[in-house]
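Reading through the structure tokens given below for one structure.
In this chain, numbering begins with 1 at the start of the sequence shown. All values below come from the heavy atoms of this structure, side chains included, with hydrogens, waters and symmetry mates left out. Being a predicted model, the structure only gives us computed values, none of them experimental.
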Amino acid sequence: MILVVGGGIGFLVLRRGDPEPVAGDPTTTSDSVEPSDSEASSSDEGNASAEETPTTEASDYSEFKVLGLGEFPEATPEELLGVMQDNPLTEGGLPDVGECEPPATPTSPSQERLQAVLDAASGCLNQVWSVASSDRGSPWTAPDVVVYTWPDVPSSSSCEADTFAEDFPRMCNLDSTIYWPVGYGTATDFEDEAHVPGAYLWDLAYMYSNAASWNSTLVFYQGESRDQYEDTDPEAFDDAWRRNSLQWLCWASAASMQVPSAAQPSQEPRDALGSPDAWEAGEPPNDITPETRARWISAGFDSGGDLATCNTWTAETETVS
């Protein structure tokens, strides 16, 4: 099993050789607005001017808030980084799920069997993220899952057909639907059918990382921070991509372990996903070492649902390279 997280703006993929997206569908960003310095004032008894030290007021987006429709965070890069480091999904825990029973599934399921296992896994993950979102005052819209056979992209999708891929699901945030092509899944790499439902749960949990970022509107803070670095600080631009990518991987592992033990990814898939041998670095500048990917995936599995474990935004640079 050799995996690379990849994709492009508008969809999320786990496939060989491509870079990973920043977010879901938003392609419009606002111009950044730098707070202006205060004007120098006149003082002194003899009409001489004394220049005051300029001050910069914090923007309305220097602290996290759920954004409204069409709203984008107008803040400095430093403020946006601060929001990411201390956003509501970097603290507290993910809830335990009491009931979750994905059905037995063969390694190469039919479209109907694949739909059934993903529907069950979706029910499990909805319990995790709906409660986690409610606890933090964030909205949550449960994504639907639609299994289809490539290249027959469902015409009902709100996302353009040319943004779909044969070898990875399409998270269409415009209609809150995950479109899943028959044949995709890390579960197909295992011969023992006992590992299949849990492996599909992890695959779907990764897609749910996209949904969690979108629903909470964190994706717009992260996207705006990268936009501001794009022309001024390429190193920070790439670093922000890596931190976001790794946080989503860690979230996926953490969420997949909050279900009853019988539904969790079994030890063999966890060992495989947490091994550097399972990963390739990707193409620069969107490259992450296999060791780094494996470290954050394993951290999520071992987190006990503690979201602080997945806070890549405060991690040392060498741990997210």
Handout entry: S303 side-chain N/O to G300 backbone N/O, donor-acceptor pair under 3.5 Å
Key = yes
Exercise for the section: May I ask you to decide whether R243 forms a salt bridge with D239, counting only side-chain N to carboxylate O separations under 4.0 Å? Expected result: yes
Practice task
Please check if atom CD in Q267 has more than 12 non-hydrogen atoms from other residues, nucleotides or ligands closer than 6.0 Å.
Solution key: yes
Exercise for the section: Please check if any side-chain donor atom of T163 sits under 3.5 Å from a side-chain acceptor atom of R170, or the reverse. Expected result: yes
Practice task
Please work out which of the three classes, parallel, tilted or perpendicular, describes the rings of Y148 and W150, given edges at 30° and 60°.
Solution key: tilted
Exercise for the section: Considering non-hydrogen atoms only, spot the tightest contact between N311 and W296 and give its length. Expected result: O-CH2, 4.3 Å
Practice task
Step through the shown structure and confirm whether more than 12 heavy atoms of other residues, nucleotides or ligands are within 6.0 Å of CD on E160.
Solution key: no
Practice task
Verify the distance criterion only: is there a donor paired with an acceptor across the side chains of S122 and Y208 at less than 3.5 Å?
Solution key: yes
Handout entry: Heavy-atom check, side chain of D86 versus side chain of F64, under 4.5 Å
Key = no
Handout entry: Check: Q222 side chain, A240 main-chain N or O, donor-acceptor pair, under 3.5 Å
Key = yes
Practice task
Flag the pair Y200 / T188 as yes when at least one side-chain heavy-atom distance between them is below 4.5 Å, and no otherwise.
Solution key: yes
Practice task
Look only at the side chain of S62 and the backbone of E79, and say whether a donor-acceptor pair between them is shorter than 3.5 Å.
Solution key: no
Practice task
Using the side chain to side chain contact (heavy atoms under 4.5 Å, CB included) rule, take M207 and F168 through it: C-alpha gap first, then chi angles, then the decisive distance, then the call.
Solution key: CA-CA 10 Å; M207 304 306 297; F168 198 80; 3.4 Å; yes
Problem - Inter-residue atom distance T319.OG1 - E291.CD, 0.5 Å rounding - result: 13.5 Å
Handout entry: Heavy-atom closest contact (P139 atom, V66 atom, distance)
Key = CD-CG1, 3.8 Å
Handout entry: Side-chain heavy-atom pair E71, K65 within 4.5 angstrom cut-off
Key = yes
Problem - Closest contact, heavy atoms only, Q228 versus A75 - result: NE2-O, 2.6 Å
Handout entry: Close side-chain approach of L67 and Y61, heavy atoms under 4.5 Å
Key = yes
Handout entry: Under 3.5 Å: donor-acceptor pair, side chain of Q127, backbone of E99
Key = yes
Problem - Residue pair Y229 / W241, side-chain heavy-atom distance below 4.5 Å - result: no
Practice task
Report the C-alpha distance between S245 and I288 in whole Å, list the side-chain angles of each, state the deciding distance to 0.1 Å, and finish with yes or no for side chain to side chain contact (heavy atoms under 4.5 Å, CB included).
Solution key: CA-CA 9 Å; S245 303; I288 299 174; 4.1 Å; yes
Exercise for the section: For Q247 and C310, indicate whether the former's side chain and the latter's backbone hold a donor-acceptor pair under 3.5 Å. Expected result: yes
Exercise for the section: Please test F164 against S157 for side chain to side chain contact (heavy atoms under 4.5 Å, CB included), starting from the C-alpha separation and ending with a verdict. Expected result: CA-CA 10 Å; F164 285 64; S157 174; 3.4 Å; yes
Problem - Beyond-backbone contact of W129 with N215, side-chain heavy atoms, under 4.5 angstrom - result: no
Exercise for the section: Determine the minimum heavy-atom distance between R242 and P285, stating which atoms define it. Expected result: NH1-O, 3.9 Å
Exercise for the section: For a side chain to side chain contact (heavy atoms under 4.5 Å, CB included) with V117, tell me which candidate from P109, P102, P106 qualifies. Expected result: P102
Practice task
Look up atom CG in D238 and atom OG in S321, then write down how far apart they are to the nearest 0.5 Å.
Solution key: 12.5 Å
Practice task
Write down the atom of V128, the atom of Q258, and the distance for their closest heavy-atom approach.
Solution key: CG2-CB, 4.1 Å
Problem - For L201 against S256, the heavy-atom pair lying closest together - result: CD2-O, 3.6 Å
Handout entry: Rounded distance [0.5 Å steps], CZ in R293 versus CG in L273
Key = 12.0 Å
Practice task
For the residue pair P265 and R270, establish whether any side-chain heavy-atom pair is separated by less than 4.5 Å.
Solution key: yes
Exercise for the section: Have a look at S213 and tell me which of L89, V219, N173 forms a side chain to side chain contact (heavy atoms under 4.5 Å, CB included) with it. Expected result: V219
Practice task
To the nearest 0.5 Å, tell me how far W279 CH2 sits from T289 OG1.
Solution key: 12.0 Å
Exercise for the section: Step through the shown structure and confirm whether more than 12 heavy atoms of other residues, nucleotides or ligands are within 6.0 Å of CD on E318. Expected result: yes
Problem - Q115-Q111 side chain donor-acceptor pair, cut-off 3.5 Å - result: no
Exercise for the section: State the OG-CG distance between S209 and L125, to the nearest 0.5 angstrom. Expected result: 9.0 Å
Practice task
Kindly determine whether S225 and L81 satisfy side chain to side chain contact (heavy atoms under 4.5 Å, CB included), including the steps that lead there.
Solution key: CA-CA 7 Å; S225 70; L81 177 59; over 6 Å; no
Problem - Side-chain (T90) to main-chain (N87) donor-acceptor, under 3.5 angstrom - result: yes
Exercise for the section: Return yes if some donor-acceptor pair links the side-chain N/O of Q264 with the main-chain N/O of M257 below 3.5 Å, else return no. Expected result: yes
Handout entry: Separation between CG of L80 and OG of S59, rounded to the nearest 0.5 Å
Key = 7.5 Å
Practice task
Would you mind reporting whether L204 and I178 have side-chain heavy atoms less than 4.5 Å apart?
Solution key: yes
Problem - Same apolar cluster: W248 and W140, side chain cutoff 4.5 Å - result: yes
Practice task
Tell me whether the centres of the aromatic rings in W214 and F220 are closer together than 6.0 Å.
Solution key: yes
Exercise for the section: Say whether, by atom type as modelled, one donor and one acceptor occur between the side chain of D203 and the main chain of G185 under 3.5 angstrom. Expected result: no
